[in-house]
Amino acid sequence: MIQFFHVHKNYLDGVPALTDVTLTIEKGEFVFITGPSGAGKSTLLNIIFGSEEPTDGHILIEGRNYLKIPPRELPALRRRIGFIFQDFKLINTKTVFENVALSLKVMGVGPSEARKRVLKALSYVRLQHRANFKPLSLSGGEQQRVAVARALVKEPAILLADEPTGNLDPDMAIEMMELFKEVNSRGTTVIVATHDKGMIEKLSKRTVTLASGRLLIPH
Amino acid sequence: MPSGFSSFSLYYALTDALGNLRDNLVTSLLSALTVAFSLAIFTVFLVVFVNLNNIAATWGERTHVVAYVKEGIKTGPSGTAGWPSGTAGGPPGAANWTEALKKTVEATPGVKDVTFISKEGALAALRAELKGHEGVLEGVAPDILPASFEIILDPSYVNPDGVRSVVERLRAIDGIFAVEYGAEWVERFSSFMRFMEIFTFVIGAFLAAATLFIISNTIRLTVYARRHEIEVMRYLGASGAFIKVPFLVEGMASGVMGGALSLGILFLGRYAAGRHIPQYFIFIIENPFPLWKLSGGLMMAGLLLGGAGSLVSLGRFLKV
């Protein structure tokens, strides 16, 4: 369970990114975070991921006060979270296979086990044939699918996705969402930040709307 | 093992480090060459210092202290203490007295070997030195020169304080009226060895600092070049150890390569120097260590320098 209590986030220039956000996401839930650009969707995901700290408020993840987790324990927490970044964050000097395998390497998974899981993850996103390509030789949509494979390969407890279908054509976007649903059905908490209203309507999942950093429709 | 660092992580760290060495071959080689030249220069000074020390030990045997025997002690003509009494007019019992005196000298701490030179023996030695000009000794009484003990010191006493302590003890012996020794030479040689010791240490420290600086900067450049990859690894949950160990291994591997290269440089240098240095002086650059010790020592020194350089860099530039 992820709980936000009166969370505020202001950037250094004083611009508020989140204002008094109180929110609960149950374990195994599928939630869309939606709202216009600059509404605070990415900030919310970054705070859950631990790459940004709130200015004020409290966050509990699985009962633990997130702000009191010592920095040395943060990597272990991140190994349980799969994050599909808006800018993909792929390593351009490594192949698609190596990029996806990196997720498992940091977890200490052995090479042969890692190989099986990486190929399986690449098959989910239909990219087995691109395994030995470098990211820069792929299209934006393909790079996004590599990022999806890298997040899913470690079978995370929580999946965070920041605009995961922004670069995909409609058919592939639907396919990715079906994949997220399948992952969710296996117990992973899925939180997707998107402003793709059509997708939200199609999946009919719980939706949390942000506008100028404030929660509009909390459920 | 740190949290999040399994045996597979170690395998990945090693393969990553080797991959990085391959990818940054030129930088890694430059780094290794820096280690190699630093170690080679330091080793040259160390070799010279050790060889001089070894020579000093043999020179110590030539550091003579001469203790002159008081007038009135009669001895045999051969210059050997204990010569049967009366053979050269010595009173009965004189040889025993000399023998006793010799034993006292021998028992003095710091004395390694003692040779007795009788009055006649001293004159014979002088005649031999003045060969061709023996005329100057005509009419000189055979007992004009005093009998003496030529003393060779224990090598550990061949230093100003050591020699002085032996000389003081000899002067205190009844039957010895004067003691001579090469005080100035001992002082000079001892100062020179002290200088060499400090110089070798300073050179070693300076080269170690320079090597650490260069290795840490090489690693810093690698860290900078891979900052995006490091950021991604952090996001994927890599522990600090997982991120740092490949850089540490990379630095150590560069150091070991440098150690091996330094061995090559030293042997090439020895070969080249052998063609230009006079033969009688070549001992100064001969390797005094067993080959396995020298090569093992150089590679271990490279490993430590490389590891330390990486740690310095990682501590300063990689906060994970």
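Model, not experiment: these values are computed from the prediction.
Rounding to the nearest 0.5 Å places CZ of B:Arg226 at 8.5 Å from CD1 of A:Ile91. Remark: A:Leu102 CG to B:Tyr235 OH distance equals 14.5 Å, nearest 0.5 Å.
Closest non-hydrogen pair, B:Ala238 versus A:Pro75, comes out as O-CB, 3.7 Å. Across all their heavy atoms, A:Val106 and B:Phe242 have their closest contact at CG1-CE2, 3.7 Å. In this structure, A:Lys89 and B:Glu231 approach most closely via the heavy-atom pair NZ-OE2, 3.8 Å.
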Steps toward side chain to side chain contact (heavy atoms under 4.5 Å, CB included) verdict (A:Lys105, B:Met233): CA-CA 10 Å; A:Lys105 277 170 77 171; B:Met233 284 163 78; over 6 Å; no
Check against side chain to side chain contact (heavy atoms under 4.5 Å, CB included), A:Arg79 and B:Leu236: CA-CA 6 Å; A:Arg79 287 195 285 274; B:Leu236 294 177; over 6 Å; no
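Around the NE2 atom of A:His195, the shell of radius 6.0 Å holds no more than 12 heavy atoms that belong to other residues, nucleotides or ligands. Dense packing is recorded around CZ of B:Phe289, with more than 12 heavy atoms of other residues, nucleotides or ligands lying under 6.0 Å away. Sparse packing is recorded around OH of B:Tyr224, with 12 or fewer heavy atoms of other residues, nucleotides or ligands lying under 6.0 Å away. Around the CZ atom of B:Arg270, the shell of radius 6.0 Å holds more than 12 heavy atoms that belong to other residues, nucleotides or ligands. The neighbour count for B:Arg227 CZ, taken as heavy atoms of other residues, nucleotides or ligands under 6.0 Å away, is above 12. Other residues, nucleotides and ligands contribute more than 12 heavy atoms inside 6.0 Å of the CD atom of A:Glu73. Around the CZ atom of A:Phe49, the shell of radius 6.0 Å holds more than 12 heavy atoms that belong to other residues, nucleotides or ligands. Environment of OH in A:Tyr11: crowded, with over 12 heavy atoms of neighbouring residues, nucleotides or ligands closer than 6.0 Å.
Remark: side-chain polar atoms of B:His228 are not paired, donor with acceptor, to backbone N or O of A:Asn92 under 3.5 angstrom. A distance-only check finds a donor-acceptor pair linking the side chain of B:Tyr12 to the backbone of A:Val109 [under 3.5 Å].
Of residues 133-158 of chain A, those residues with a non-hydrogen atom less than 4.5 Å from any non-hydrogen atom of chain B are, in numerical order, A:Arg150, A:Lys154.
For B:Asp16, the part sitting under 4.5 Å from any heavy atom of chain A is the side chain, from C-beta outward, and nothing else. With a threshold of 4.5 angstrom between heavy atoms, A:Pro111 approaches chain B through its backbone and through its side chain. With a threshold of 4.5 angstrom between heavy atoms, A:Ile81 does not approach chain B through any atom at all.
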